[in-house]
Number of protein chains: 2
Amino acid sequence: MATGTREAMLGSAIRLFRERGVGDTSFADVLEASGAPRGSVYHHFPGGKKQLVSEAIESAGVYVAANFDQADDGPAEMVDRFASFYMRELERTDFREGCPLMAAAVAGASEEASIPAARAFSQIHTSLTNALIEAGVEARRASSLATLAISAIEGAIVLSRTEKSVEPLDQTRQELHEIYTAALA
Amino acid sequence: MATGTREAMLGSAIRLFRERGVGDTSFADVLEASGAPRGSVYHHFPGGKKQLVSEAIESAGVYVAANFDQADDGPAEMVDRFASFYMRELERTDFREGCPLMAAAVAGASEEASIPAARAFSQIHTSLTNALIEAGVEARRASSLATLAISAIEGAIVLSRTEKSVEPLDQTRQELHEIYTAALA
DNA sequence: GTCTATACGAAGATAGAC
DNA sequence: GTCTATCTTCGTATAGAC
């Protein structure tokens with residue numbers, strides 16, 4: 001069906017972005033990975049690669065945000081879930097696939113990628129901040145703690161990737177757990 | 001002089017990597033930015049772009065590591081100096097230039113870039129871990145705390161870049177300062 | 001040691017047939 | 001809606017003159 005091709009292309013694009021980054025992923029790569037017909041690229045994405053990138057990252061942002069606050073539990077659980085999710089992802093993909101938002105936000109990524117990524121980061125920051133406030137943390141500190149957790153996990157994913165070891169991410173997860181537990185006491 | 005051209009090319013390469021990432025920086029870009037003569041590329045770097053990338057990241061790693069433990073003070077100061085340095089760098093460059101190691105370690109970067117970056121990360125992790133141990137922190141926890149700080153600052157630099165605001169990095173810096181102060185008490 | 005010219009390939013994008 | 005062919009641009013790399 002028509003939307004099936006679109007969805008397949010977006011899904012493959014996200015996977016490739018996580019693996020090689022946005023700039024190093026070509027249109028042909030996405031076509032090949034998705035098995036989409038070669039001639040239908042500009043039919044589905046008349047705006048070309050910019051549109052594909054933009055839509056793929058937006059889609060990834062929705063996915064990450066949904067995954068982030070899927071359960072209505074506390075902030076410590078949200079952070080732990082976020083880190084644990086990427087520990088599993090790194091192991092599942094043999095350290096090939098990181099966070100799509102990071103791939104989109106990092107140096108060199110065009111605005112089509114970085115703007116939706118920034119929006120998604122802002123969204124999960126708001127979610128986590130609100131969860132902390134509801135748990136009794138003062139607003140300013142809640143924002144700082146949320147930033148710390150997101151920054152640390154995203155940074156640790158990159159470190160774990162380059163070292164091909166989950167240790168950095170696991171260490172980060174544990175430290176964050178202690179920090180959050182202490183802040184909520 | 002001969003080495004002058006080489007040095008200029010390496011310096012420009014690092015700056016461009018910080019700005020656009022490794023993959024999106026072309027040879028011509030480096031030539032233009034450094035003002036190096038066009039014909040001398042393969043004279044200075046017979047290994048082509050791979051060699052240029054490799055040497056540039058190695059050089060950046062030495063620089064970052066030296067900056068990291070330039071003063072022989074405590075771990076809290078090292079972390080604060082690291083974060084503060086990049087806060088200034090982001091403001092100085094209007095959020096264009098991030099950390100060269102991150103640019104080299106991130107998804108899509110080739111092995112010529114990611115391997116020296118991993119080495120440099122490992123080096124500053126060792127430095128910070130040792131400083132924590134000397135300050136009386138138990139070895140395993142020292143390693144975790146070092147990982148947390150490096151991950152958080154690197155992640156926060158990316159967030160600050162995409163938001164064009166030093167707030168994420170500043171919040172991260174403050175939280176890390178409290179954590180380190182508490183751990184050393 | 002530096003220059004110009006050029007080969008070669010990859011990638012984005014468009015045109016026109018089916 | 002999908003296919004093939006083609007154009008253009010760009011980036012790496014090499015060859016050969018000065």
Side-chain angles (χ1 to χ4, degrees), chain A residues 1-57 103-104 106-116, chain B residues 1-57 103-104 106-116:
Chain A
M1 57 181 95
T3 48
T5 302
R6 260 187 77 93
E7 298 301 313
M9 287 184 69
L10 289 173
S12 293
I14 294 172
R15 197 178 55 73
L16 289 167
F17 292 166
R18 292 176 61 183
E19 205 172 313
R20 333 180 175 172
V22 177
D24 288 357
T25 301
S26 76
F27 237 145
D29 293 334
V30 176
L31 257 348
E32 186 186 350
S34 64
R38 226 183 131 34
S40 61
V41 183
Y42 286 88
H43 172 70
H44 291 297
F45 301 95
K49 191 180 180 182
K50 289 184 183 183
Q51 187 184 350
L52 173 67
V53 168
S54 168
E55 287 194 32
I57 303 300
V106 102
S110 51
E111 292 209 331
E112 302 89 55
S114 65
I115 290 176
Chain B
M1 56 183 99
T3 50
T5 301
R6 260 187 77 93
E7 297 302 312
M9 287 184 69
L10 288 173
S12 292
I14 294 171
R15 197 178 56 72
L16 288 167
F17 292 166
R18 292 176 62 183
E19 205 171 312
R20 334 180 174 170
V22 177
D24 288 357
T25 300
S26 76
F27 237 145
D29 293 334
V30 176
L31 258 347
E32 187 187 351
S34 64
R38 232 186 124 34
S40 61
V41 183
Y42 286 87
H43 172 70
H44 291 297
F45 301 94
K49 192 181 180 182
K50 290 184 181 182
Q51 188 184 349
L52 172 67
V53 168
S54 168
E55 288 195 31
I57 302 300
V106 101
S110 51
E111 292 208 331
E112 302 88 55
S114 64
I115 289 176

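Chain identifiers are assigned alphabetically (A, B, ...) following the order of the sequence lines, protein sequences preceding nucleic acid strands; residue numbering begins at 1 within each chain. What you see is a predicted model, and the numbers here were worked out from it, not measured in a lab. Quick note: numbers below take in every heavy atom, side chains included, and nothing from hydrogens, waters or symmetry partners.
Using a 4.5 Å heavy-atom cutoff, the side chains of A:I14 and A:I57 are not in contact. Between B:T5 and B:H43 there is no side-chain heavy-atom pair separated by less than 4.5 Å.
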Checklist entry - If the sugar-phosphate is the primed atoms plus P, OP1 and OP2 and the base is the rest, what is the B/S/- string for nucleotides 11-18 of chain D, using protein heavy atoms under 4.0 Å? => result SSBB----

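Residue B:R20 contributes atom CZ, which lies 13 Å from atom P of D:dC10 at whole-angstrom precision. Atom CG in A:L31 sits roughly 11 Å away from atom P in D:dT2 (whole-Å rounding). Rounded to an integer number of Å, the gap from A:L52 CG to C:dA11 P is 15 Å. One can place CZ of A:R6 at 12 Å from P of D:dT2, the figure rounded to the nearest angstrom. Distance A:F45 CZ to D:dG1 C1': 14 Å, rounded to the nearest Å.
With hydrogens and angles ignored, the 3.5 Å screen pairs a side-chain donor or acceptor of A:R6 with a backbone N or O of A:H44. Checking side-chain atoms of A:S54 against main-chain N and O of A:K50 turns up no donor-acceptor pair under 3.5 Å.
For C:dT2, one of the phosphate oxygens OP1 or OP2 lies less than 4.0 angstrom from a side-chain nitrogen or oxygen of B:H44.
The distance from atom OG of B:S12 to atom CD of B:E32, rounded to the nearest 0.5 Å, is 10.0 Å.
Nearest heavy-atom pair across B:F17 and B:V22 is CD2-CA, 3.7 Å.
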